[in-house]
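The sequence lines fix the lettering, A, B, ..., with proteins before strands; numbering per chain opens at 1. Hydrogens, waters and symmetry mates are skipped; everything else that's a heavy atom, side chains included, is used.
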Amino acid sequence: MSSSEDDIPLSQVHDDSGDEMPLAKRHQKRPTPPYTNSEDEDEVVPTKRRKTIKREPGVNDSDSDDEPLSKVKDMDVDSEDDMPLSKKAPKTKAKKETAKSTPKTKSAPKKEKSTTKKEKSTTTKSKATDKSASTKKAAVKKEPKATKVKKEATPNGLVKDETPATPNTQSTNEEEEEEKYKWWEAGDLDGEVKWDSLHHNGVVFPPPYEPLPKHVKLYYDGKPVSLPIEAEEVAGFFGAMINTDHAQNPVFQKNFFNDFKEVLEEAGGCDVDITDFDKMDFTKIFNHYDQERERKKAMTRDEKKRLKEEKEKFEEPYKYCMLNGRKEMVGNFRIEPPGLFRGRGAHPKTGKLKRRVMPEQVTLNMSKDCPVPPPPPGHEWGEVRHDNTVTWLAMWKENIADNQKYVRFAANSSVKGQSDFKKFETARNLKNHIEDIRKDYTKMLKSEVMQERQMATATYLIDKFALRAGGEKGDDEADTVGCCSLRFEHLTLQPPHTVIFDFLGKDSIRFYQEVEVSPQVFKNLRIFKKAPKQPGDDLFDRINPTILNKKFQTYMKGLSAKVFRTYNASKTMQDQIDLIENEGTVAEKVVKFNAANRTVAILCNHQRTVSKNHGESVQKITDKIKELMWQKIRLKKMMLSLEPTLKKKEAKYFHEINDISKEDQQQIVDRLIARQKDQAEKKFARDNEKLKSEKKPLLEKSVLKERMEKIDEQAKEYAAEIKTGAVEPKAKATVEKLKAQVETIESRLQTTQLQLKDKEDNSEVSLGTSKLNYIDPRLTVMFSKKFNVPIEKLFTKTLREKFQWAIESADADWKF
DNA sequence: CTGGATACTTAGTATAGCTATG
DNA sequence: CATAGCTATACTAAGTATCCAG
């Protein structure tokens with residue numbers, strides 16, 4: 001309603017014109033080649049993050065046109081709270097400030113603290129003993145109809161349950177179908193306890209290293225080297241990828257080489273003193289692995305199938321688990337294999353050795369009464385835990401960044417489904433608060449307190465441009481930023497109100513946008529950039545995601561920075577869908593849906609590298625379109641040959657017959673002929689191949705020659721047509737028949753053109769991420785039902801499984 | 001508060017696997 | 001009926017959020 005600027009759905013704010021600005025405009029290139037990172041070469045940005053700031057900027061200074069100035073002055077007095085975070089003296093201020101700010105907020109419902117009552121009762125924090133705690137509390141509050149029967153008898157299920165299960169899956173199938181647990185009909189979720197019982201069979205370890213054949217060796221300084229097996233494995237990791245970009249990256253090389261030497265030493269060294277990476281020659285190793293790949297590819301269909309079945313059979317027990325007595329799928333039950341760490345962007349640790357994970361490093365999490373799956377022979381589990389407040393089944397620590405890795409439920413599991421559902425409900429709830437929040441931060445943009453002003457400005461950016469929170473990162477990680485970690489050099493202010501963002505965000509994906517901001521925001525940003533700040537300094541030096549989120553919590557329970565992204569993505573999708581007319585074919589509607597999806601993807605800056613054959617395949621489609629047009633015109637010319645008077649009578653219809661120049665026509669014909677010849681040759685070869693295997697006589701060369709001559713004849717005819725501009729119709733052609741043919745071509749032309757547009761529009765935008773994570777699936781379901789588009793056209797099989805809850809609960813009139 | 005640890009979501013890419021096509 | 005050309009899935013890196021100890 002209110003047309004005030006704040007209300008505009010963010011996505012449209014900047015690219016009003018409706019049609020998205022071509023991405024190319026927004027950022028000309030993909031980030032940076034990974035290897036431009038290291039301290040060395042890039043002097044371009046002399047400003048790696050400066051952690052400390054020289055001196056207190058002070059809010060105002062002489063920022064003449066900043067009206068709040070006067071006040072700013074006073075507030076400058078309590079400069080004490082005004083220090084950048086990093087410098088703050090530990091004590092006091094925090095409370096003061098909050099106290100101050102509280103009076104203002106009208107909207108903030110300060111509830112959440114108390115709401116937790118429920119969980120409190122049940123949960124004694126982490127220690128909850130699964131069985132007992134579980135059962136009483138969340139304990140299957142409402143077992144929906146289905147479910148019950150089945151395997152209840154064998155609660156510890158899996159192990160035994162599994163084996164017999166396999167053979168008769170067929171029969172049980174429909175049974176299972178109807179007894180699927182519909183958690184979304186069972187109501188309520190929250191609560192600290194995540195499960196009542198959890199039984200599973202542990203994890204799958206990667207196969208042991210298979211040594212190279214004796215004749216395949218690393219060469220050093222021109223000579224073969226006999227490496228200890230441990231080192232050979234590491235050399236093999238690198239050798240197998242010398243044809244990739246990673247292998248050219250100096251950082252990758254250096255990290256690999258260090259770790260390689262380390263492993264080599266651990267293993268007792270070898271007969272050669274390896275000191276120089278450049279003297280290492282991996283080609284033999286590479287060729288070996290390359291051959292292996294070829295060999296695998298060359299396997300017969302049956303062989304491949306058999307192998308696959310074997311693998312599946314072996315993995316079956318790990319693929320499923322029993323959650324609260326119901327069978328659920330596990331996501332990543334395979335322990336990650338060793339290899340070289342492929343960090344994205346300019347990651348300081350890229351190329352380091354990711355070591356093999358041993359059972360001793362693995363912690364299992366399951367019910368107390370679940371039989372502990374046997375560890376691999378000769379090994380022990382690191383730990384077996386029974387924590388029902390978390391949703392992971394196994395965990396280990398990775399050696400690159402010392403992070404935890406988890407084995408979790410699959411996306412189609414109830415656990416994941418529930419939290420997904422919750423996420424979208426929280427985002428939907430933001431609808432009810434967004435107006436107040438926007439009002440509030442608009443006001444706070446002028447706050448006298450620097451921290452509040454930064455907070456408001458950051459919120460504005462997060463809300464309008466869908467920025468991520470932007471937590472602090474270490475020196476041993478890629479230098480990427482989000483809102484709170486934006487630095488001086490990441491935005492350029494262009495009066496009157498234009499801001500140019502240019503920074504690397506998550507995954508080192510470049511965020512480049514030139515946008516208009518409100519005058520006040522522009523002023524604020526100028527203040528935040530004011531001297532003595534310089535490149536390398538944080539723009540928002542008094543806030544961080546934690547502070548921001550704390551504030552968000554005061555507006556609404558469950559509100560954090562990321563919720564804005566979800567909200568704005570889904571909101572944008574809803575708005576875009578609302579603009580779609582319910583008309584046209586299914587395919588056309590799908591295209592429109594994708595276009596809506598695309599606006600969301602662009603909002604969220606979801607990119608992908610354009611595939612290397614993109615240009616090629618665009619060219620191909622373009623050629624196809626040209627050819628179709630040419631054919632269409634040919635048909636029309638035929639009509640005129642039959643009935644010359646038509647040209648005047650239906651001038652419009654025949655208008656286009658001169659649209660293609662003779663040169664173009666010749667080009668099209670040339671391509672067509674070349675293609676036909678090519679095909680003829682291939683067919684000839686293929687046929688002979690077949691005859692050979694059937695031990696039949698081969699076709700003579702003359703047959704091919706004959707065919708070729710025929711094609712040449714065609715070519716001559718075309719050439720004549722082009723010359724005269726007239727096309728001789730076929731014997732039995734009639735104007736009607738030709739018209740019908742034109743129709744068919746016309747429609748093929750349209751689909752092809754649509755296809756081309758879609759391809760180009762999507763070449764560097766990734767729709768998947770938003771569909772998977774940001775767009776409330778109920779919107780898609782709504783679209784499907786309202787527009788009569790089968791859900792299969794919008795959700796792939798896995799997505800349908802993941803979003804089963806949405807498919808079964810949303811109608812044609814569902815609203816985000 | 002800070003920093004680290006933990007647990008969970010979000011992300012692009014490598015590749016397995018499928019489908020159109022010729 | 002292979003194979004090119006893609007699309008869907010698997011994989012795992014890289015974020016966010018929150019909690020806890022010092």
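At B:dT9, none of the side-chain N or O atoms of A:K562 fall inside 4.0 Å of OP1 or OP2 (strictly under the cut-off). At the phosphate of C:dG15, OP1 or OP2 sits under 4.0 Å from a side-chain N or O atom of A:K473. At the phosphate of C:dC11, OP1 or OP2 sits under 4.0 Å from a side-chain N or O atom of A:R334. Contact annotation: A:T609 does not reach the phosphate of B:dG12 (side-chain N/O to OP1 or OP2, under 4.0 Å). Side-chain nitrogen and oxygen atoms of A:H347 include at least one within less than 4.0 Å of the OP1 or OP2 phosphate oxygen of C:dA14. Residue A:S508 places no side-chain N or O under 4.0 Å from the OP1 or OP2 atom of C:dA14. Taking only side-chain nitrogens and oxygens, A:R468 never comes nearer than 4.0 Å to OP1 or OP2 of B:dT9. Taking only side-chain nitrogens and oxygens, A:Y774 comes nearer than 4.0 Å to OP1 or OP2 of B:dA11. In terms of phosphate contacts, A:N773 brings no side-chain nitrogen or oxygen within less than 4.0 Å of OP1 or OP2 of B:dT9. Contact check, A:T798 against C:dA8: no side-chain N or O comes under 4.0 Å of OP1 or OP2. For A:K423 and B:dT10, the shortest distance from a side-chain N or O to OP1 or OP2 is below 4.0 Å. Contact annotation: A:Q553 reaches the phosphate of C:dT18 (side-chain N/O to OP1 or OP2, under 4.0 Å).
Residue side chain A:K506 reaches the base of B:dT10 through a donor-acceptor N/O pair under 3.5 Å, judged by distance alone.
One atom, CD1 of A:I547, and another, C1' of B:dC1, lie 10 Å apart when rounded to the nearest Å. Look at NZ on A:K422: it is 10 Å from P on B:dC8, rounded to the nearest Å. Rounding to whole angstrom units, CD of residue A:E792 and P of B:dT19 are separated by 14 Å. Between the C1' atom of C:dA10 and the CZ atom of A:R408 lies a distance of 16 Å, rounded to the nearest Å. What separates CD of A:E477 from C1' of B:dG3 is a distance of 13 Å, to the nearest Å. To the nearest angstrom, P of C:dT18 lies 12 Å from CG of A:L548. What separates NZ of A:K557 from C1' of C:dT18 is a distance of 15 Å, to the nearest Å. Between A:L799 atom CG and B:dT10 atom C1' there is a gap of 14 Å when expressed in whole angstrom units.
Across all strands shown, A:K354 has heavy atoms under 4.0 Å from sugar-phosphate atoms exclusively, and none from any base. Looking at heavy-atom distances under 4.0 Å, A:A561 makes contact with sugar-phosphate atoms alone, never a base. At the heavy-atom level, A:K416 lies under 4.0 Å from the strands shown only through sugar-phosphate atoms. Here A:K194 lies in heavy-atom contact (under 4.0 Å) with sugar-phosphate atoms only. Within the 4.0 angstrom heavy-atom criterion, only backbone atoms of the sugar-phosphate kind lie near A:G470; the bases stay farther away.
Taking the six-membered ring for Trp and the full ring otherwise, A:H200 and A:Y318 have centroids separated by 6.0 Å or more.
In the set C:dA10, C:dG15, B:dC8, C:dG15 carries the atom at the smallest distance from any side-chain atom of A:T480. Of the candidates B:dT13, C:dT12, B:dG12, B:dG12 carries the atom nearest the A:I509 side chain, counting heavy atoms from C-beta on. Out of B:dA7, B:dT10, B:dT9, the shortest distance to the side chain of A:T566 is found at B:dT10. With distances taken from any side-chain atom of A:D507 to the nucleotides B:dT6, B:dA7, C:dA14, the minimum falls on C:dA14. Side-chain proximity of A:K308 to B:dG17, B:dT9, B:dT10: nearest is B:dG17. Nearest to the side-chain atoms of A:N549 among the listed nucleotides C:dA14, C:dT18, B:dT6 stands C:dT18. Closest contact between the side chain of A:T546 and the listed nucleotides C:dA10, C:dT9, C:dT18 involves C:dT18. Counting only heavy atoms from C-beta on, A:E336 has its side chain closest to C:dT12 among C:dT12, C:dT16, B:dT10. Proximity note for A:R565 (side chain, C-beta onward) versus B:dA11, B:dT10, C:dT12: the nearest is B:dA11. Considering only side-chain atoms of A:V390, the nucleotide from B:dC8, B:dT9, C:dA13 that sits closest is B:dC8.
A residue-by-residue look at A:P545 and A:K405 shows that A:K405 has its nearest nucleotide of DNA chain C further toward the 5' end. Summary of the strand contacts: A:V415 and A:R342 both lie near DNA chain B, and taking for each the nucleotide with the nearest heavy atom, the more 5' one is attributed to A:V415. Positionally, the nearest nucleotide of DNA chain C for A:F341 lies more toward the 5' end than for the other of A:F341 and A:S560. Between A:K624 and A:C604, the one whose closest nucleotide on DNA chain B sits nearer the 5' end is A:C604.
A:W392 pairs in a ring pair (Phe, Tyr, Trp, His ring centres under 6.0 Å) with only one of the listed residues (A:F409, A:Y406, A:W195), which is A:Y406.
A:F341 and A:H347 have perpendicular rings, their planes meeting at more than 60° on a 0 to 90° scale where under 30° would count as parallel. Taking the six-membered ring where the residue is Trp, A:F564 and A:F552 present tilted rings, their angle falling between 30° and 60°. Between A:F511 and A:F501, the ring-plane angle classifies as perpendicular under the 30° and 60° cut-offs.
Counting heavy atoms from C-beta outward, A:K802 and A:K416 have side chains that stay 4.5 Å or more apart.
Side-chain contact annotation: A:N597 with A:S770, donor-acceptor N/O pair under 3.5 Å present. Under the 3.5 Å distance criterion, with hydrogens and angles disregarded, a donor-acceptor pair is assigned to the side chains of A:Q454 and A:D541.
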